[in-house]
K.L.:
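Let me begin by handing over the structure; questions about it come next.
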2 protein chains.
Amino acid sequence: MTMSKTVPLFLSVSAADPRSITRQITDGIRVAIASGKLPVGAQLPSVRGLALQLTINPKTVANAYGELESEGWLHARQGLGLFVAAPRQRLSRPERDRRLAVAVQAFTSEVIGLDYPLEHILDRVSAKLTPLLNKRSA
Amino acid sequence: MTMSKTVPLFLSVSAADPRSITRQITDGIRVAIASGKLPVGAQLPSVRGLALQLTINPKTVANAYGELESEGWLHARQGLGLFVAAPRQRLSRPERDRRLAVAVQAFTSEVIGLDYPLEHILDRVSAKLTPLLNKRSA
DNA sequence: CCTACCGTACCACTACACATGGTACAGACG
DNA sequence: CGTCTGTACCATGTGTAGTGGTACGGTAGG
């Protein structure tokens with residue numbers, strides 16, 4: 001009965017990418033949802049379908065989907081499929097704070113010594129982040 | 001002949017830290033050098049000494065030191081020890097650009113969906129990064 | 001009802017990175 | 001020479017990522 005239009009092939013995984021396959025999937029879908037390319041209620045490719053499309057293991061896709069569901073991005077319905085969830089926050093405040101702190105820590109460690117001015121670094125972050133924030137009705 | 005004062009115990013590794021041991025060491029030393037706690041020419045603990053102090057394997061310490069040397073932070077002298085190198089850039093411009101892009105990409109993927117305003121995120125990055133930049137005589 | 005598709009849960013296996021343990025060699029120094 | 005330094009090699013254990021196959025319950029349409 002649910003008449004959400006199925007999503008075309010919008011993802012791709014690369015062996016050259018240093019990120020794990022699971023991570024490439026979760027990152028890609030997160031960006032697609034945050035940027036509005038995937039509206040609320042849109043149906044995602046099935047676990048087996050996406051696995052077939054990307055020529056990877058269904059278990060790997062299921063792991064990625066599972067992580068996205070635990071973060072509140074997706075809503076899985078047994079027998080129906082996976083859908084983009086309404087913007088809600090499944091992560092507790094302390095957990096979000098912790099994740100931000102870890103991310104900032106990791107980022108700073110990476111860019112120290114690259115010899116870029118602070119302003120340039122902030123601009124790059126801002127440019128990448130701006131189109132991905134506040135695109136959804138929170 | 002080289003009379004650089006040896007550094008006291010300034011590092012610690014934790015199993016609770018999600019980062020690998022090698023990464024904890026490299027991050028810690030990078031910050032110590034960038035912030036000025038370790039001046040140019042200062043001698044670092046020996047591979048075996050630091051391994052003993054942290055109760056880890058000397059090979060792990062050597063790996064961390066090797067990475068820091070390839071990035072230009074340290075200068076290894078066979079039979080003498082490891083010293084904080086003068087600020088120079090061992091990484092090519094394209095390599096630095098690539099690393100910045102990768103770091104920004106990873107960071108944005110982490111903070112999307114945490115539901116923090118852009119300004120707050122930039123403030124956190126700025127706060128963490130400011131005391132670590134331009135502290136060395138470039 | 002029955003078949004086909006959905007998410008999900010097992011199991012076993014391979015591949016790889018990380019860390020460890022030990023041994024060994026070349027350079028620097030007193 | 002003895003002892004410190006960095007460095008290189010060997011083998012081993014361990015945890016994670018990814019694969020491959022099988023199986024169960026829920027949902028839909030003929």
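Chain A is the first sequence line, chain B the second, and so forth, proteins listed ahead of strands; every chain is numbered from 1.
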K.L.:
Of all residues at least two apart in sequence or in a different chain, which pass the ring-ring contact (aromatic ring centres under 6.0 Å, His included) check with A:Y65?
P.N.:
none
K.L.:
Once you apply a heavy-atom cut-off of 4.0 Å, does A:A76 come out as touching a base, just sugar-phosphate, or nothing?
P.N.:
sugar-phosphate
K.L.:
Kindly list each side-chain donor-acceptor pair under 3.5 angstrom involving residues 56-64 of chain B, sequence neighbours excluded, with atom names and distances?
P.N.:
residue: B:N57; atom: OD1; partner: B:K59; partner atom: N; Å: 2.8
residue: B:N63; atom: ND2; partner: B:K59; partner atom: O; Å: 3.4

K.L.:
Mind calculating the distance between NE2 (A:H75) and P (C:dC6) to the nearest angstrom?
P.N.:
17 Å
K.L.:
From CG of B:L52 over to P of D:dG6, roughly how many Å is that when rounded to an integer?
P.N.:
13 Å
K.L.:
Over how many whole Å does the gap from B:L68 atom CG to D:dG6 atom P extend?
P.N.:
13 Å
K.L.:
Base, backbone or nothing for each nucleotide of nucleotides 17-27 of chain D, written B, S, -, heavy atoms under 4.0 angstrom, 5' to 3'?
P.N.:
SSBB--B-BBS
K.L.:
Within this structure, what is the CD1-to-P distance between B:I25 and C:dC18, rounded to whole angstrom?
P.N.:
13 Å
K.L.:
With a 3.5 Å distance limit and no angle check, can you tell me whether A:E110 reaches the backbone of B:L100 through a side-chain donor-acceptor pair?
P.N.:
no
K.L.:
With rounding to the nearest 0.5 angstrom, report the CG to NE2 distance, B:L44 to B:H75.
P.N.:
12.5 Å
K.L.:
Can you tell me how far C1' of C:dT8 sits from CD of A:E67, to the nearest Å?
P.N.:
17 Å
K.L.:
Among the nucleotides D:dT7, D:dG6, C:dT8, which one has an atom lying closest to any side-chain atom of B:E69?
P.N.:
D:dT7
K.L.:
Assess the residue pair B:D97 and A:Y116 against the criterion (side chain to side chain contact (heavy atoms under 4.5 Å, CB included)); give the C-alpha distance rounded to whole Å, side-chain angles, the decisive distance to 0.1 Å, and a yes or no.
P.N.:
CA-CA 10 Å; B:D97 285 349; A:Y116 289 109; 2.2 Å; yes
K.L.:
Starting from P on D:dC4, measure out to CZ on B:F83 and report it in whole angstrom.
P.N.:
16 Å
K.L.:
So does B:R99 pair up with B:E71, basic N to acidic O under 4.0 Å?
P.N.:
yes
